[in-house]
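The figures here come from the full heavy-atom set of this structure, side chains too, leaving out hydrogens, waters and symmetry mates. It should be emphasised that the depicted structure is a prediction, and the values quoted were computed from it without experimental measurement.
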Amino acid sequence: MTEDKVRLEPSWKARIGEYLARPDMQALGEFLRAEKQSGKVIYPPGPEIFAAFDHTPFDAVRVVILGQDPYHGPGQAHGLCFSVRPGVPPPPSLQNIFKEIQRDLDFRAPDHGCLTPWADRGVLLLNSVLTVQQAAAASHQGKGWEGFTDAAIDALNREREGLVFMLWGAYAQRKGQLIDPSRHCVLKSVHPSPLSAHRGFIGCGHFSAANQYLEAHGVAPIDWSLPPRAQLG
């Protein structure tokens, strides 16, 4: 995996592109090639691995939502954490995210689970691990992606101020050690999965809290509403 061969959005490439040349990223590239050559199906498709960066350039980021690794079912993952393609039923964690937005902001849940409009409005939907093997959750953890996404978070922490980081669950909160809470707003909760959502995620108020923080710092709030599926491109 080399900087010149990976298509990374220019503002991000300027900050973390050099990381791609590291030995651990070279090893990651070799691992992914070997997996594909052995016939394993990898999600998301290659052109969408870096979709979070494509949709939310560095200076456009206002909110960061950290996920763990991509969905591993057919047709689900498309490079944005918690999001699925239009027409794919929203997984349980995403259903709980919609429940909390409805409770918090009185927004109606959409008829799809595609969060691309959020990404285009400044919400970086970043998984810690950017690929996964079909039907094998967490199969690409520990292969090198974590350091790369740490570099992205570190760049945001150092070069930007007044961002909102939503850290849901212990995994995301460990990654939150990279964030200076005196420079940014760090919102923590249990994970929205059905196993934990009713122990604090439902009722956390993160979506309204994020907008209040942004407005207090002179930044436009996020429009958390989502258009109906028929209006998606």
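Checking side-chain atoms of His184 against main-chain N and O of Arg160 turns up a donor-acceptor pair under 3.5 Å. Of the possible donor and acceptor atoms, none in the side chain of Arg62 sits under 3.5 Å from a partner among the backbone N and O of Leu163. Of the possible polar contacts, one joining the Arg7 side chain to the Pro47 backbone as a donor-acceptor pair under 3.5 Å is found. Although no hydrogens or angles enter the test, the distance criterion places a donor-acceptor pair under 3.5 Å between the side chain of Arg199 and the main chain of Leu195. His206 places no side-chain N or O within 3.5 Å of a backbone atom of Met166 that could act as its donor or acceptor partner. The main-chain N or O of Val190 is never found under 3.5 Å from a side-chain atom of Ser196 such that the two would form a donor-acceptor pair. Although no hydrogens or angles enter the test, the distance criterion places no donor-acceptor pair under 3.5 Å between the side chain of Thr56 and the main chain of Phe53. In terms of modelled atom types and a separation under 3.5 Å, the side chain of Glu35 and the main chain of Glu30 share no donor-acceptor contact. Between the Thr149 side chain and the Glu146 main chain, a donor and an acceptor come within less than 3.5 Å of each other. The closest donor-acceptor contact from the side chain of Ser193 to the backbone of Ser93 lies at 3.5 Å or more, if one exists at all.
Around the CG atom of Asp106, the shell of radius 6.0 Å holds no more than 12 heavy atoms that belong to other residues, nucleotides or ligands.
Looking only at side-chain heavy atoms (C-beta outward), Trp12 and Leu124 come within less than 4.5 Å of each other. Looking at Leu156 and Phe58, their side chains come closer than 4.5 Å, going by heavy atoms from C-beta outward. Residues His55 and Thr116 are in side-chain contact: their nearest non-hydrogen atoms beyond the backbone lie under 4.5 Å apart.
For the atom pair Ile42 CD1 and Gln134 CD, the distance stands at 9.5 Å (nearest 0.5 Å). Distance check: His112 NE2 to Gln231 CD gives 8.5 Å after rounding to the nearest 0.5 Å. The OG atom of Ser208 sits 3.5 Å away from the CG atom of Asp104 when rounded to the nearest 0.5 Å. Taken from CD1 in Ile179 to CZ in Arg158, the straight-line distance is 13.0 Å, to the nearest 0.5 Å. Distance SG/Cys114 to CG/Leu80: 7.0 Å, rounded to 0.5 Å. Atom-to-atom distance recorded for Asn211:CG and Leu214:CG is 6.0 Å, nearest 0.5 angstrom.
For the pair Pro57 and Asp54, the tightest heavy-atom approach, listed with the atom from each and the gap, is CD-O, 4.3 Å. Leu226 approaches Pro110 most closely through the heavy-atom pair CD1-CG, 3.8 Å. The minimum heavy-atom distance between Val132 and Ala137, with the atom names listed, is CG2-CA, 4.3 Å. Closest heavy-atom contact between Ala210 and Leu187: N-CD1, 4.1 Å. Taking every heavy atom of both residues into account, Gly200 and Cys204 meet most closely at O-CB, 3.5 Å. Here the closest heavy-atom approach between residue Leu115 and residue Cys81 is recorded as CD1-O, 4.0 Å.
Side chains of Glu9 and Ser11: a donor-acceptor N/O pair is present below 3.5 angstrom, by distance only. When only modelled atom types and interatomic distance are considered, His78 and Ser83 share a side-chain donor-acceptor pair under 3.5 Å.
Residue pairs meeting the salt bridge (charged side-chain N to carboxylate O under 4.0 Å, His left out) criterion with at least one partner in residues 107-136, sequence neighbours excluded, are Arg121-Asp223. For the salt bridge (charged side-chain N to carboxylate O under 4.0 Å, His left out) condition, the pairs that include at least one residue of residues 85-102, sequence neighbours left out, are Glu48-Arg85, Glu100-Arg103.
Residues Val123 and Ile153 fall into different hydrophobic clusters, defined by Ile, Leu, Val, Met, Phe, Trp and Tyr side chains chained together at heavy-atom separations under 4.5 Å. Grouping the Ile, Leu, Val, Met, Phe, Trp and Tyr side chains by contacts below 4.5 angstrom, directly or via other members, places Leu126 apart from Val84. Following chains of ILVMFWY side-chain contacts shorter than 4.5 Å, one cannot reach Tyr213 starting from Phe165, and the two form parts of different hydrophobic clusters. Using a 4.5 Å cut-off between side-chain heavy atoms of Ile, Leu, Val, Met, Phe, Trp and Tyr, with links allowed through other members, Val88 and Tyr43 fall into different hydrophobic clusters. Hydrophobic clustering of Ile, Leu, Val, Met, Phe, Trp and Tyr side chains at less than 4.5 Å, counting indirect connections, keeps Leu178 apart from Leu125.
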Run Phe50 and Phe148 through side-chain contact (heavy atoms from CB on, under 4.5 Å) and show every step you take. CA-CA 11 Å; Phe50 297 99; Phe148 178 74; 3.6 Å; yes

From CA spacing to verdict: ring pair (Phe, Tyr, Trp, His ring centres under 6.0 Å), Trp145, Tyr19: CA-CA 11 Å; Trp145 281 126; Tyr19 195 96; 10.0 Å; no

Between Asp24 and Lys143, is the salt bridge (charged side-chain N to carboxylate O under 4.0 Å, His left out) condition met? List the steps. CA-CA 8 Å; Asp24 52 336; Lys143 301 297 184 183; over 6 Å; no

side-chain hydrogen bond (donor to acceptor under 3.5 Å, both in side chains) between Ser128 and Tyr171: does it pass, once the steps are laid out? CA-CA 9 Å; Ser128 176; Tyr171 189 93; 3.3 Å; yes

Trace of the side-chain contact (heavy atoms from CB on, under 4.5 Å) decision for Asp150 with Lys175: CA-CA 7 Å; Asp150 279 356; Lys175 215 164 177 73; 2.5 Å; yes

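Using the six-membered ring where Trp is involved, Phe207 and Trp118 have ring planes that are tilted, between 30° and 60° apart.
Partners of Arg15 according to the side chain to side chain donor-acceptor pair (under 3.5 Å) rule, which considers only residues two or more places apart in sequence or in another chain, are Glu159. In this structure, the side chain to side chain contact (heavy atoms under 4.5 Å, CB included) partners of Ala197, at least two apart in sequence or on a different chain, are Asn96, Phe201, Ile202. Scored by the ring-ring contact (aromatic ring centres under 6.0 Å, His included) test, Phe107 finds no partners at all (sequence neighbours excluded).
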In a table with atom names and distances, give each donor-acceptor pair under 3.5 Å that connects a side chain of residues 64-77 to protein atoms at least two apart or in another chain.
{"residue": "Asp69", "atom": "OD2", "partner": "Ala138", "partner atom": "N", "Å": "2.7"}
{"residue": "Tyr71", "atom": "OH", "partner": "Phe82", "partner atom": "O", "Å": "2.8"}
{"residue": "Gln76", "atom": "OE1", "partner": "Gly73", "partner atom": "N", "Å": "2.9"}

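Proximity of the aromatic rings of His140 and Phe31 is defined here by a centroid distance below 6.0 angstrom, and this criterion is met.
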